[in-house]
Peer 1: 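Can you read through this structure? Questions will come right after.
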There are 2 protein chains.
Amino acid sequence: MSNYRTISLDHYATIFKALSNPHRLQIFNILTGCCEPGTLCSTDEMMSCCVGDLDSQLNIASSTLSHHLKELHHAGLIEMQRNGKQVLCSINPATLAEVAALFSSARTTQN
Amino acid sequence: MSNYRTISLDHYATIFKALSNPHRLQIFNILTGCCEPGTLCSTDEMMSCCVGDLDSQLNIASSTLSHHLKELHHAGLIEMQRNGKQVLCSINPATLAEVAALFSSARTTQN
DNA sequence: TCTATAGTTCGACATGTTTCGAATTGTAAT
DNA sequence: ATTACAATTCGAAACATGTCGAACTATAGA
């Protein structure tokens, strides 16, 4: 956690807040495993990440899912893109790398 | 985020929740910069991490600080140890490494 | 033992979050 | 146009969180 000041702590707090909810973390988790980061799954592939697919894995009302996706998007963790009737979701690799860098720099401080 | 299932998602959600509050993240930040991880600052060194030192940097009531420290501790992010009248705080390096591993494994999924 | 210092616990209040169902918007196909 | 499907927005209810001041506990020193 040494070069954290390039980005404000509040920014990181926003990211952690987005990941602090079990349902949102589950969405994030599904998304990291679903697509090549930075790409959107096309629907004709085995794994797709449209909102409906998430819905079927998450035992919550679709309005609740929509709310959580908005939070993840506002935190910069995911990207969303309409494709016909569906909206495809994917991880934003830049934010992922940002957080990874935060913690790996903290870890190098050890030893 | 590939080998996440060794520890439950809820466990990570708890950690992220602890870090999602700006004051708690600030405490965590101070602590990562203060002491060698896994050690407690002794009071005769330049940088100490007793509750009072945090208090003087954080513009919140000491009861609020106490509450936040408890949350960080329950999430496994910090350790606390009484030393006379003071309580010394330090980062728990194991949890830090756990989260670092989570994100660095997610990052290797890229490219 | 009395006093001062360091932290914590408690109760209360204001604010924020999660969740749902109903209504709405956007898109494609009939 | 009408219908069907996919997803979002809205309003309300239940619940959780952050904050404070006051009261309390713990330790050390006079």
Side-chain angles (χ1 to χ4, degrees), chain A residues 9-10 12-28 30-31 34 40-44 47-75 77-90, chain B residues 9-10 13-31 34 40-44 47-75 77-90:
Chain A
L9 280 184
D10 279 2
Y12 282 114
T14 301
I15 293 172
F16 292 137
K17 187 179 212 165
L19 295 175
S20 72
N21 176 279
H23 285 143
R24 283 196 296 269
L25 188 54
Q26 198 182 344
I27 294 165
F28 184 77
I30 292 168
L31 257 32
C34 160
L40 290 164
C41 295
S42 56
T43 45
D44 56 349
M47 294 172 104
S48 61
C49 301
C50 74
V51 175
D53 292 328
L54 294 168
D55 206 4
S56 65
Q57 297 179 62
L58 279 195
N59 269 0
I60 52 175
S62 58
S63 56
T64 305
L65 172 57
S66 213
H67 164 73
H68 285 318
L69 289 173
K70 192 156 63 172
E71 298 238 338
L72 286 166
H73 183 247
H74 284 162
L77 283 163
I78 68 169
E79 286 158 3
M80 301 179 76
Q81 181 177 305
R82 183 171 274 275
N83 185 312
K85 274 190 287 192
Q86 304 185 102
V87 171
L88 301 177
C89 306
S90 62
Chain B
L9 280 186
D10 279 1
T14 301
I15 292 172
F16 293 137
K17 187 181 214 163
L19 295 175
S20 72
N21 176 276
H23 285 143
R24 283 196 296 269
L25 189 54
Q26 198 181 344
I27 294 166
F28 185 77
N29 178 41
I30 292 169
L31 258 33
C34 160
L40 290 164
C41 297
S42 55
T43 44
D44 56 350
M47 294 173 102
S48 62
C49 303
C50 75
V51 175
D53 292 328
L54 294 168
D55 206 3
S56 63
Q57 298 178 63
L58 278 195
N59 269 0
I60 53 175
S62 60
S63 56
T64 304
L65 173 57
S66 212
H67 164 72
H68 285 318
L69 289 173
K70 192 157 64 172
E71 297 238 339
L72 286 166
H73 184 247
H74 284 162
L77 283 163
I78 68 170
E79 286 158 3
M80 302 178 76
Q81 182 177 306
R82 183 171 275 275
N83 185 312
K85 275 190 286 191
Q86 305 185 101
V87 171
L88 302 177
C89 305
S90 63

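To find a chain, count down the sequence lines: A is the first, B the second, and so on, and within it residues start at 1. The figures that follow rest on heavy atoms only: side chains count, while hydrogens, waters and symmetry mates do not.
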Peer 1: Rounding to an integer number of Å, can you tell me how far B:His73 NE2 sits from C:dG7 C1'?
Peer 2: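 Checked: the NE2 to C1' distance equals 15 Å.
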
Peer 1: With respect to the phosphate group of D:dT8, does any side-chain polar atom (N or O) of A:Ser66 fall under 4.0 Å of OP1 or OP2?
Peer 2: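 True: A:Ser66 side-chain N/O within range (under 4.0 Å) of D:dT8 OP1/OP2.
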
Peer 1: Is the side chain of B:Ser66 donor-acceptor paired with the backbone N or O of B:Ser63 at a distance under 3.5 Å, no angle test?
Peer 2: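 Absent.
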
Peer 1: Check whether any side-chain nitrogen or oxygen of A:His68 sits under 4.0 Å from OP1 or OP2 of C:dT19, and answer yes or no.
Peer 2: yes

Peer 1: For A:Asp53 and D:dC5, what is the distance between atoms CG and P respectively, to the nearest whole Å?
Peer 2: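 For the pair A:Asp53 CG and D:dC5 P, the rounded distance is 16 Å.
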
Peer 1: What nucleotide among C:dT27, D:dC20, C:dC20 has an atom nearest to a side-chain atom of A:Ile60?
Peer 2: C:dC20

Peer 1: More 5' along DNA chain C: A:Ala61 or A:Gly84, using each one's nearest nucleotide?
Peer 2: A:Ala61

Peer 1: Out of D:dT19, C:dG7, D:dT8, which nucleotide sits closest to the side chain of A:Leu69?
Peer 2: D:dT8

Peer 1: Once you round it to whole Å, what is the distance between P of D:dT17 and CD of B:Glu71?
Peer 2: 7 Å

Peer 1: Do the side-chain N or O atoms of B:Lys70 get closer than 4.0 angstrom to the phosphate oxygens (OP1, OP2) of C:dT9?
Peer 2: yes

Peer 1: Give the rounded distance in Å between these two atoms: CG of A:Asn59 and C1' of C:dT19.
Peer 2: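 Spelled out: CG on A:Asn59 to C1' on C:dT19 is 13 Å.
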
Peer 1: So, does the side chain of A:Ser63 form a donor-acceptor pair with the base of C:dG21 at under 3.5 Å?
Peer 2: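 Present.
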
Peer 1: Quick one: does B:Leu72's side chain get under 4.5 Å of B:Leu31's, heavy atoms only?
Peer 2: no

Peer 1: On DNA chain C, compare the nucleotides closest to A:Arg24 and A:Lys85; which residue's is nearer the 5' end?
Peer 2: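 Nearer the 5' end of the strand: A:Arg24.
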
Peer 1: Counting only side-chain nitrogens and oxygens, does B:Lys17 get under 4.0 Å of the OP1 or OP2 atom of D:dT17?
Peer 2: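 So the side-chain polar atoms of B:Lys17 do come within 4.0 Å of the phosphate oxygens OP1 or OP2 of D:dT17, strictly under.
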
Peer 1: Which atom pair, heavy atoms only, marks the closest approach of B:Ser62 to B:Asp55?
Peer 2: CB-OD2, 3.3 Å

Peer 1: To the nearest Å, how far apart are A:Asn83 CG and C:dT27 P?
Peer 2: 11 Å

Peer 1: Please confirm whether the backbone N or O of A:Gly84 pairs with a side-chain atom of A:Arg82, one donor and one acceptor, at under 3.5 Å?
Peer 2: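 Yes; judged by distance alone, with no hydrogens or angles, the pair exists.
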
Peer 1: Rounded to the nearest Å, what distance is computed from the CD atom of residue A:Gln81 to the P atom of nucleotide D:dT8?
Peer 2: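 One finds 14 Å between P of D:dT8 and CD of A:Gln81, rounded.
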
Peer 1: Among the candidates C:dT18, C:dT8, D:dT8, find the nucleotide nearest to the side-chain atoms of A:Asn21.
Peer 2: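 Between C:dT18, C:dT8, D:dT8, the one nearest the side chain of A:Asn21 would be C:dT18.
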
Peer 1: Can you identify which nucleotide, out of C:dG7, D:dT19, D:dA7, has its nearest atom closest to the A:Cys50 side chain?
Peer 2: D:dA7

Peer 1: Roughly how many Å is it from CD in A:Gln86 to C1' in C:dT27, rounded to a whole number?
Peer 2: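 Computing the A:Gln86:CD to C:dT27:C1' distance gives 11 Å.
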
Peer 1: Work out which heavy atom in B:Gln26 is nearest to a heavy atom in A:Leu9; give both atom names and the distance.
Peer 2: CA-CD1, 3.9 Å

Peer 1: Considering every strand and a 4.0 Å limit on heavy-atom distances, what is the contact class for A:His67: base, sugar-phosphate, or nothing?
Peer 2: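 Base, at least one base heavy atom under 4.0 Å.
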
Peer 1: What's the closest nucleotide to the side chain of A:Val51 if the choices are C:dT8, D:dT8, D:dT27?
Peer 2: D:dT8

Peer 1: Determine yes or no for a side-chain-to-main-chain donor-acceptor pair under 3.5 angstrom, with A:Arg24 supplying the side chain and A:His68 the backbone.
Peer 2: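 No, A:Arg24 side chain to A:His68 backbone: no donor-acceptor pair under 3.5 Å.
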
Peer 1: To the nearest Å, how far apart are B:Leu72 CG and C:dG7 C1'?
Peer 2: 16 Å

